[in-house]
Structure formats: C-alpha cells, structure tokens
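Step one of this worksheet: look at the structure below.
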2 protein chains.
Amino acid sequence: MVREPGSAGRPKASSRGTIEEAAAELFLEQSYSGTTIEEITQRAGVSRATFFNYFESKSDLLWIDADRAIERLSECLASGMRVGDAIARAASEVGAERVPLAVSQAEVMGTREELVASGFARVARVTALIRSALANEWVEERDSLAVNVRANALAGAVIAAWGAWIRGGVDRLTLLEYTHDALALVQLEQ
Amino acid sequence: MVREPGSAGRPKASSRGTIEEAAAELFLEQSYSGTTIEEITQRAGVSRATFFNYFESKSDLLWIDADRAIERLSECLASGMRVGDAIARAASEVGAERVPLAVSQAEVMGTREELVASGFARVARVTALIRSALANEWVEERDSLAVNVRANALAGAVIAAWGAWIRGGVDRLTLLEYTHDALALVQLEQ
DNA sequence: AAGATTATTGGACTGAGTACAAAAATAGAT
DNA sequence: ATCTATTTTTGTACTCAGTCCAATAATCTT
C-alpha cells in the first residue's frame, strides 16, 4: 500500500534545471519582460504546462537565489537561533560563485511594476519571519508597534545589504560582510 | 490658437468618482479578487476602456488614500522640508473621516498576499523618496549602504505606523500619533 | 500483465493590461 | 449654422500570465 514517496511514477525529465538555464539565457538576450513563458519552455524543450509544475509564476525565476536564502533563514529561525545569528548564517551560505539572475535584470526591475511587486513578496516574507522571531525573543504581542517597527528596520537592513551586494559588481564583498555592516547600522545588539 | 488647457474638448462624465464608488461596493460584496474590472465598469455605467483612462491597474483602487498621502510626502520633500517634518506633515493630513479601502479589504480578502504585493509599489516609492531626501540632508552618495539602511528603517517605521492605524479599528488614534511613536522607535533625530 | 503512481502534455478558458482608431461632445472661430 | 481643434469615451482586437482538467506516458510494485 504505502510506498516510499520518491520511488514510483514517471521520473522527472530533469526539467527544472533546464528551464532555469533557458530562462537565464533568454533574459540576457531579450530582457525579462521581452521574454514569454512560451519561449522559455520552447527553448527548454518542454511544454508550457510543465512550467507551472515547477514554478508558480514567471517572476519566481528572478528570485531563485533569494528564495533559497529565505528558506535557509526560515529554517535557522525555526531551529531556535537568535535573529541576528540566523540572518548571518543564512547570508553566509549564499555563495558568490553564481551571479543571481536578478542582478542582470536589475535595471529592468526598477521600472516594471510586476517585478517590484514580486520583490515585495520576498521582502514581506523576510519581514514576517523576523517579526515572528522577535515577538518570541522579547515576550511581546506580535502586532505591537514596537515589534513591527523593529522587524521592518531589520528586514530593511537585510534588503539593503542584499541590494548593495547585487550592485557591487565584480569586486563585491561577500553578502555576509554587507549584512554585518547593515545590521550594525540599525544596532541589532540593542 | 492657444487655448486655456481645461476649457475645450468633451467634458468628463465624472467617471472617476463613480468608478471608485462602484469598486468599493463590489469589493465589499464579492471581495477584491472576486471582482473583475468589467463588473466595476458595468456598475459604474462606463466602458471597460474608460477604466484605464483613470487608473493604471486594478490594484490602484486599493491604494487611493495611500497614494494621496505619498503624493503629499513627495511635495513636502520637494519643497525642502526635512525628512521627519515632511513625514509628520503628510501623515497629519490623512483625515480619519474616511476608512481607506484597503482597510475594509484586509479582512475581507481571503488571502492578503495580493494586498501585500500591490502594496510594495507604494513601499518602494516611499523608500525612494526618503532615500533621496536623506542623501541630500547628509551630503552622501545616494547608493551608500548607510543611506539605504537608514531610508529602509524610516520607511519601515512609516509603513508600520500605517499598518497599526489600519488595524486600529474604530477607537484608533490618528495616523500622526502612530507615526510619531514609530519614528521615535527608530530614533529619527539621530 | 495489471494496477498504482507520478510527470508531462494539450487545450480550453479567464482576466488583466495594451494599442489604436473611430465616434461623441464640447468651445471657439469663421 | 458650419467648421475646426480638442478632449473624452468607446469598441475591438490583441498579447500574455495563470488556472483547470482530462488524457497520455513512463515508471514501480505485485
């Protein structure tokens, strides 16, 4: 009856990585908004429907690296790490070997409302994670103005560090270094 | 030859206000995502095309009040006011007489994700305004990490105050009071 | 060979947003 | 009154993201 989950069924055609690569190429060639999902899946040799098996939306493609870091942050916080440590840990695990896709599209992102909105989903998630953890650390209601303001400031610092790292160009520091500086500016350690 | 700008041409059918009212009604009846632009314009007695003469997107309807406040903030900053004063001024001019549309939708909307997402354009605009003004006040490059972190923290405080005001319910304080408390928490005056 | 399970696919659909040209309504000038 | 310039409104056709679903394909277990 009960089988081990991964064993049965048609195997994946390794589509996810293929789609990511095709998208990265096309975004560089034609820009994000100039590329349709149809084009991406055609180059990846996959049907349009398959795209939505792997991604919830087109804009997810721009936030793959950010989403991984956020996922790490969530895990660290869930395991009981203090907020500052969790942020540092998650930041330290974002390698410099790969240029985030959002970087190359940075100029497009400024203008396009859709991208800005999709970015906010990430900001909102980071903020919510931090807010929740802060409310635990201090014993305070989650919706108090103080917790919200503090969470927004911390999240803002994280975002600013991410942005500085993105804009840093080839001689950029590590994300951890930017993050450290940014947190110091909002006096994380009280 | 040259005429005064407002005089000639077909007069407006007072559509903007009508559309806003129709949308407010429908959002309360059926929720934001359960209402199409077509339905809104039908109730307003206007064509769908006309909608886009007045609004850039459907989600604009949720942020009418916020957009007015942001516009005020922009004017105050442009006239040379210091950042803290400009924020306070803009906040003080948001009257309590009218419940913002986004408020009534916060609980009505099944998932607030959409609200959150469309809100980012506003957060981004507030942040950009503050960043620009800060870079002028301090004589520093606009993209420095310090300016960005500070701008994000201030914008975060403004947003938190707006959120607290929204959630305040019938016995809420004024937006200015929430804003004052939030700014104190990020030590606006250094 | 026969299910059970999972991945892929095609196709039809909804709805937001864009583009644009035609029509309608006004004011002023001839 | 007629014409002209100007502005708003409208119809229409279009693109594309995202949803839904049923059919098919590829694999494993029995």
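These numbers were taken from a predicted model, which means no experiment stands behind them.
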(request) Identify, between B:Gly9 and B:Ser15, the residue whose nearest nucleotide on DNA chain D lies closer to the 5' end. (result) B:Gly9
(request) Look at A:Ser57 and D:dA17 and indicate whether a side-chain polar atom (N or O) is within less than 4.0 Å of OP1 or OP2. (result) no
(message) Contact list please: residues 39-55 of chain A against DNA chain D, heavy atoms, distance less than 4.0 Å, in numerical order.
(response) A:Arg48, A:Phe52
(request) Rounded off to whole Å, could you give me the CZ-to-C1' distance for the A:Arg16 and C:dT8 pair? (result) 16 Å
(message) Any salt bridge linking B:Glu71 with B:Arg68? Criterion: basic side-chain nitrogen under 4.0 Å from a carboxylate oxygen.
(response) no
(message) Using heavy-atom distances to pick each residue's nearest nucleotide on DNA chain C, tell me which of B:Ile37 and B:Pro11 is more 5'.
(response) B:Ile37
(message) Tell me if the CZ atom of B:Arg89 is crowded by more than 12 foreign heavy atoms within 6.0 Å.
(response) no
(message) Is any side-chain heavy atom of A:Ile70 closer than 4.5 Å to one of A:Trp63?
(response) no
(request) Could you state the atom-to-atom distance from NZ of B:Lys58 to P of D:dA17 in whole Å? (result) 19 Å
(message) Can a donor-acceptor pair be found, under 3.5 Å and without considering hydrogens, that links the side chain of B:Glu137 to the backbone of B:Val83?
(response) yes
(request) Would you mind listing every side chain to side chain donor-acceptor pair (under 3.5 Å) that reaches into residues 126-136 of chain B, with sequence neighbours excluded? (result) B:Arg131-B:Asn148, B:Ser132-B:Arg142
(request) Answer yes or no: is there an ion pair linking B:Glu29 with B:Arg43, defined by an N-O contact shorter than 4.0 Å? (result) yes
(message) Starting the side chain at C-beta, find the nucleotide from D:dG18, D:dT9, C:dA7 nearest to A:Arg10.
(response) C:dA7
(message) Please report the distance, rounded to the nearest Å, between CG in B:Leu61 and P in C:dG15.
(response) 17 Å
